[in-house]
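Right, one structure below, let's go through it.
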2 protein chains.
Amino acid sequence: MTRSFILLDMENVMLEKRKYQIIFDYLKEGIQTKKYGVDSYLPSENEICNQFKTTRTTVRKALDELQKDGFITKEQGKGSKVLERRKSLGLLTVKGFSQAVDHKVKTVLLKRPSEQQWDPSISFDLTSDEEESKCIYFQRLRYLDDQPVMLENNWYAANALEPMKANEFVDGSFFKTLSQKYLIEIMGSEQELRAELANEYISDNLGIKQGAPVLHISVRFKTSKADLNLYSEIYCNTAMVPIRNSYFL
Amino acid sequence: MTRSFILLDMENVMLEKRKYQIIFDYLKEGIQTKKYGVDSYLPSENEICNQFKTTRTTVRKALDELQKDGFITKEQGKGSKVLERRKSLGLLTVKGFSQAVDHKVKTVLLKRPSEQQWDPSISFDLTSDEEESKCIYFQRLRYLDDQPVMLENNWYAANALEPMKANEFVDGSFFKTLSQKYLIEIMGSEQELRAELANEYISDNLGIKQGAPVLHISVRFKTSKADLNLYSEIYCNTAMVPIRNSYFL
DNA sequence: AAGTGGTCTAGACCACGCG
DNA sequence: GCGTGGTCTAGACCACTTT
């Protein structure tokens with residue numbers, strides 16, 4: 001009696017994770033590392049059942065979570081298909097950035113990631129962990145049709161993630177790099193929006209007049225790594241083209 | 001043999017809905033009509049099982065959907081608790097509007113809902129159904145601490161929903177009224193953001209100088225009623241206080 | 001101890017997609 | 001016809017909360 005109790009307890013300590021969580025993690029990693037490529041299908045529910053010696057209920061729980069997190073979509077009669085990118089989380093896009101057919105898009109790294117002091121211009125309160133750490137800062141300028149439209153200042157805690165090397169950026173995207181090389185996902189964001197008049201520094205970078213209206217966006221992105229947030233202060237010239245975002249259940 | 005086949009088929013035609021969908025709809029309506037008030041607990045999973053003569057798997061499927069849609073949260077050992085409001089869908093809030101303790105909030109209906117022609121200033125393309133219909137227009141001005149901060153122009157298709165009476169607004173909120181009186185929920189939104197300089201009309205309403213920077217937000221809200229979208233063109237004075245929104249998985 | 005939600009098993013039948 | 005995901009049953013044991 002005592003012995004079986006100890007064994008059960010051991011099992012819980014050893015396993016720790018729920019069975020569906022193990023399957024979820026296994027499949028998620030497979031997607032992030034491109035073992036299961038975009039538009040391909042995961043193994044069928046019954047195959048996963050056999051592989052993990054479990055029942056469909058448990059496998060379906062894992063797949064439901066993957067679907068909720070935007071990694072896959074299910075197609076009745078066909079299978080679970082890997083999606084291109086996760087459900088957009090209110091990520092800001094310049095109108096036309098996605099319909100890239102008739103627009104040229106370019107991102108220039110003005111300042112490559114390097115260790116600095118936190119900047120007081122960040123609009124959000126830092127966590128106590130972050131305040132104790134130094135930070136990594138990098139700056140980018142995004143172009144649409146050779147016209148600069150977004151000036152981006154980005155910070156994150158140095159003790160949460162090493163400074164990314166400039167040549168390491170996957171497709172020039174910080175988020176793609178996080179997902180594919182570090183297996184870290186964006187879990188949500190908070191934004192503050194302001195309309196301001198461009199000062200000299202902003203107007204120089206965006207190639208507009210001083211005093212022209214600019215959209216100032218402050219964002220805190222929360223990630224699946226508990227101690228890693230990304231802070232961005234973004235200035236946009238919305239005269240040519242508005243900034244878009246959308247969200248759906 | 002033939003007879004039982006027919007019966008089964010009949011059953012599908014009669015029921016049409018899945019069992020979990022019936023339970024979902026029943027509970028959702030209970031929440032929307034305040035039969036289950038905010039912060040109260042739904043009947044336990046076993047009670048619902050007995051009431052609908054089904055198993056916990058099916059009941060839990062219904063509850064999972066309610067949770068995904070932001071109607072309830074589950075508390076282990078306690079029950080399923082009704083939430084105050086649905087998961088914010090990137091709804092814009094003025095910083096301080098929610099922490100209303102130290103701020104006075106006021107909404108004034110400048111133009112009560114009435115039938116009009118669609119306004120060409122709407123930033124989104126209308127559906128063909130909407131174009132064929134007239135529209136309902138209403139205008140509001142929102143104050144924070146007796147300072148006007150948001151001027152709101154709103155339109156929706158007249159054939160999708162009758163014009164709401166001014167005294168019908170629940171807590172002055174269009175969305176609360178939609179949910180509680182019409183059982184219609186917001187399913188998502190698209191936004192376009194622009195920084196602009198206030199023209200005379202805007203500056204008069206917001207009590208700022210002509211040429212001051214204003215945040216222009218165009219929104220299309222999609223609802224659970226297929227033919228009902230709400231279009232809003234909003235102008236914000238962000239000098240005192242920024243506009244916020246957030247989204248999480 | 002009793003009740004609640006969380007996980008899991010071992011099945012069954014259905015609707016859909018495709019060869 | 002066969003494999004896929006979608007729904008559902010009838011149980012079991014667990015962890016957590018409250019009495």
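Reminder, nothing fancy here: chain letters follow the sequence lines and each chain counts from 1. Worth saying up front: this structure is predicted, and the values here are computed from it rather than measured.
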Item to complete: Compute whether any side-chain donor of one residue and acceptor of the other, for A:Glu185 and A:Gln32, lie under 3.5 angstrom apart.
Response: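 Their side chains do contain a donor-acceptor pair, which is all the 3.5 Å distance test asks for.
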
In whole angstrom, what separates [X]'s [atom1] from [N]'s [atom2]?
| X | N | atom1 | atom2 | answer |
| --- | --- | --- | --- | --- |
| B:Lys17 | C:dA15 | NZ | P | 19 Å |
| A:Tyr41 | C:dC18 | OH | C1' | 11 Å |
| A:Lys81 | D:dT4 | NZ | C1' | 14 Å |
| B:Lys19 | C:dC13 | NZ | P | 16 Å |
| A:Ile48 | D:dT4 | CD1 | C1' | 12 Å |
| A:Ile22 | C:dT7 | CD1 | P | 13 Å |

According to a strict under-4.0 Å criterion, is [X] in side-chain N/O contact with OP1 or OP2 of [N]?
| X | N | value |
| --- | --- | --- |
| A:Thr55 | C:dG11 | no |
| A:Thr54 | C:dC8 | no |
| B:Lys61 | D:dT7 | yes |

Worksheet item: What pairs meet the ring-ring contact (aromatic ring centres under 6.0 Å, His included) rule with one or both residues in residues 27-69 of chain B, with sequence neighbours excluded?
Response: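 Listed once each, the pairs are B:Tyr26-B:Phe52.
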
Worksheet item: What residues, two or more places apart in sequence or in another chain, satisfy side-chain hydrogen bond (donor to acceptor under 3.5 Å, both in side chains) together with B:Tyr20?
Response: none

Worksheet item: Sequence neighbours excluded, which residues qualify as side-chain hydrogen bond (donor to acceptor under 3.5 Å, both in side chains) partners of A:Lys181?
Response: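 Counting only residues at least two positions away or on another chain, A:Lys181 forms no side-chain hydrogen bond (donor to acceptor under 3.5 Å, both in side chains).
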
Worksheet item: Which pairs count as salt bridge (Lys or Arg N to Asp or Glu O under 4.0 Å) when at least one residue sits in residues 24-44 of chain A, sequence neighbours excluded?
Response: A:Lys17-A:Asp25

Fill in: A:Phe174: ring-ring contact (aromatic ring centres under 6.0 Å, His included) partners, not counting sequence neighbours
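Testing A:Phe174 for ring-ring contact (aromatic ring centres under 6.0 Å, His included), a comparison that skips the adjacent residues, returns A:Phe138, A:Tyr156.
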
Just the table, please: protein N/O against nucleotides 2-6 of chain C N/O, every pair under 3.5 Å.
residue, atom, partner, partner atom, Å
C:dG3, N2, B:Gly77, O, 3.2
C:dT4, OP1, B:Ser44, OG, 3.4
C:dT4, O2, B:Gly77, N, 3.4
C:dG5, OP2, B:Glu45, N, 2.8
C:dG5, N2, B:Gln76, NE2, 3.4
C:dG6, OP2, B:Arg60, NH1, 2.8
C:dG6, OP2, B:Arg60, NH2, 3.3
C:dG6, O4', B:Gln76, NE2, 3.4
C:dG6, N7, B:Arg56, NH2, 2.7
C:dG6, O6, B:Arg56, NH1, 2.9

